[in-house]
Amino acid sequence: SPTDLKEAVNYVDQHYAKPNDEMFGIAKGKNVIYIHLESFQQFLIDYQLADENGTSHTVTPFLNSLYHDQSTYSFDNFFHQVKAGKTSDAETLLENSLFGLNQGALFTQLGDQNTFEAAPSILQQKAGYTSAVFHGHSANFWNRDVTYKHFGYDYFFDSTYYDINEENSFQYGMHDKPFLNQSVQYLEHLQQPFYAKMITVSNHYPYSRFNNDEDGFPVANTKDETINGYFATANYLDTALEEFFSYLKASGLYDDSIFVLYGDHYGISNTRNKELAPLLGTPSEEWTDYDNAQMQRVPFMIHIPGVTNGKIDHTYGGQVDVLPTLLHLLGISSKNYIQLGQDLFSPEHQQVVAFRDGDFVTPDYTFYSGKMYDNQTGLPIEEPNLEQQRIFKELNLAVDEQLITSDKINNGNLLRFYQKSGLEPVDPKQFDYHNQLE
Ligand code: GP9
Ligand code: MN
């Protein structure tokens with residue numbers, strides 16, 4: 001009801017984090033190219049896998065070079081915040097600065113009916129952007145074809161736009177090299193400035209070998225085939241991205257664009273982490289839930305050609321923070337939108353990262369699976385002192401409030417009552433994603 005909306009508006013007003021003056025508008029008018037790194041965890045960055053002879057192999061040389069580049073703002077304390085909706089939850093978070101649902105996926109449950117004020121609609125109406133998603137898979141997976149229309153996406157290049165066959169695809173779609181290669185022709189023809197999202201898939205469970213491309217890259221030597229293949233498929237994604245960047249440089253698009261790279265969620269589940277532990281330098285028997293929580297870090301990098309003061313930023317944040325961060329870089333105020341995250345560059349950014357089930361991480365503490373840990377020792381705090389009790393209570397409240405507000409907005413479809421943004425509601429019927437050439 002409109003009363004619930006008032007509470008949400010109050011929450012947003014109280015948590016608004018003003019832009020950082022030095023960052024506001026630095027990418028104004030640039031194309032935005034999102035690169036979705038499927039199942040990609042932060043530990044892969046700068047990781048070296050030893051083969052059976054003990055020789056080290058860098059898993060993601062290209063992503064590492066971007067990560068350390070003077071034109072990239074990289075984050076090393078950035079966490080995914082998805083639950084059962086996996087990829088689609090990450091999309092919900094990044095496009096709306098709202099969480100996915102606590103059960104199931106927002107895309108499949110509410111994607112066809114809710115009013116959204118998503119990035120494509122904001123950017124179109126406030127800055128004249130064209131928007132497009134690229135993904136070499138069936139349009140209806142995760143109900144994307146329906147939900148994207150409600151988000152205001154102008155175009156959705158699904159598998160029907162690609163030369164896709166048994167050799168160059170698997171159960172989750174087309175492999176990243178042909179996918180990115182064939183995407184460039186469409187990208188080049190989009191009206192600029194554009195907001196585009198490339199959704200990769202090769203680095204998806206079960207991380208099996210699929211062609212000769214990564215033959216040279218070793219598999220890990222654990223008892224778990226899923227872990228063993230993960231490094232080689234990540235390496236394949238890395239090479240695919242390097243190629244993609246060279247196409248964009250050759251086409252001239254590179255200089256007029258900014259690149260936002262993000263991992264959508266973990267690739268190796270907690271049940272497998274003890275097996276993975278020795279590869280990360282921890283004996284299996286010493287691995288704890290504290291470590292599981294730290295493994296929820298995923299990459300987040302903003303690469304802006306021409307910038308020279310890039311760095312590795314240690315701010316704690318999550319996927320919900322991405323949209324206000326991006327809007328401010330593009331010189332668009334986020335003040336009048338119902339967004340639950342905070343600009344990562346803002347001096348007012350609060351470093352409390354909520355996981356979708358109510359667990360959370362801050363620079364000092366980790367709350368995971370019912371236990372509070374001290375980040376300095378990685379040990380559980382069995383008997384918190386009074387000050388810690390106060391802090392934990394406060395953190396719990398903050399996290400619950402953010403999640404409950406998100407659920408109220410989504411489940412109550414509250415944005416349909418919201419006027420203050422001045423946005424025209426999206427008319428999903430105006431979009432037709434069918435490939436006319438088919
Ligand atoms: C499929 C791909 C995978 O189209 O986006 O989604 P996930 O299984 O990771 O949610
Ligand atoms: Mn995914």
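The analysis underlying the following values was restricted to heavy atoms, covering all of them including side chains, and did not include hydrogens, waters or symmetry mates. Atoms within a ligand are numbered from 1 in the order they appear, just like the ligands themselves.
For atom 8 (O) of ligand 1, the closest non-hydrogen atom on the protein side is His204 NE2, 2.7 Å. Protein heavy atom nearest atom 5 (O) of ligand 1, with residue, atom name and distance: Arg144 NH2, 2.8 Å. Counting protein heavy atoms only, atom 4 (O) of ligand 1 is closest to His135 NE2, 2.6 Å. Shortest contact from atom 6 (O) of ligand 1 to any protein heavy atom: Thr87 OG1, 2.9 Å.
Remark: ligand 1 atoms within the under-4.0 Å shell around heavy atoms of Glu38 are 9 (O). Under a 4.0 Å criterion applied to the non-hydrogen atoms of His265, ligand 1 contributes the atoms 9 (O). Atoms of ligand 1 lying under 4.0 Å from any heavy atom of Trp142, numbered from 1 in the order shown and given with element: 6 (O), 7 (P), 10 (O).
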Test salt bridge (charged side-chain N to carboxylate O under 4.0 Å, His left out) on Arg272 and Asp224; report intermediate values, then the result.
CA-CA 8 Å; Arg272 301 178 191 276; Asp224 187 334; 2.9 Å; yes
Chi angles and distances behind the salt bridge (charged side-chain N to carboxylate O under 4.0 Å, His left out) call for Asp154, Lys149
CA-CA 8 Å; Asp154 295 314; Lys149 290 182 184 173; over 6 Å; no
Could you walk me through whether Tyr368 and Tyr290 satisfy the ring pair (Phe, Tyr, Trp, His ring centres under 6.0 Å) test, starting with their C-alpha distance in whole Å, then the side-chain angles of each, then the deciding distance to 0.1 Å, before giving a yes or no?
CA-CA 7 Å; Tyr368 205 68; Tyr290 172 79; 9.3 Å; no
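Taking the Mn ion (ligand 2) as the corner point, the angle from Glu38 atom OE1 to His265 atom NE2 is about 140° (rounded to 10 degrees).
Nearest N/O/S atom of Asp264 with respect to the Mn ion (ligand 2) is recorded as OD2.
Checked against a 6.0 Å centroid threshold, the rings of Phe170 and Tyr172 count as neighbours.
Contact check for Phe40 versus Val298: no side-chain heavy atoms found under the 4.5 Å cut-off.
Looking at Gln351 and Thr315, their side chains never bring a donor and an acceptor atom within 3.5 Å of each other. Side chain to side chain, Gln342 and Gln350 meet the donor-acceptor criterion of an N or O pair below 3.5 Å.
For the pair Asp264 (side chain) and Lys86 (backbone), a donor-acceptor distance under 3.5 Å is absent.
Taking backbone and side-chain atoms together, Thr87 has an N/O/S atom less than 2.8 Å away from the Mn ion (ligand 2).
At under 3.5 Å, a nitrogen or oxygen of His137, whether backbone or side chain, sits near a nitrogen or oxygen of ligand 1.
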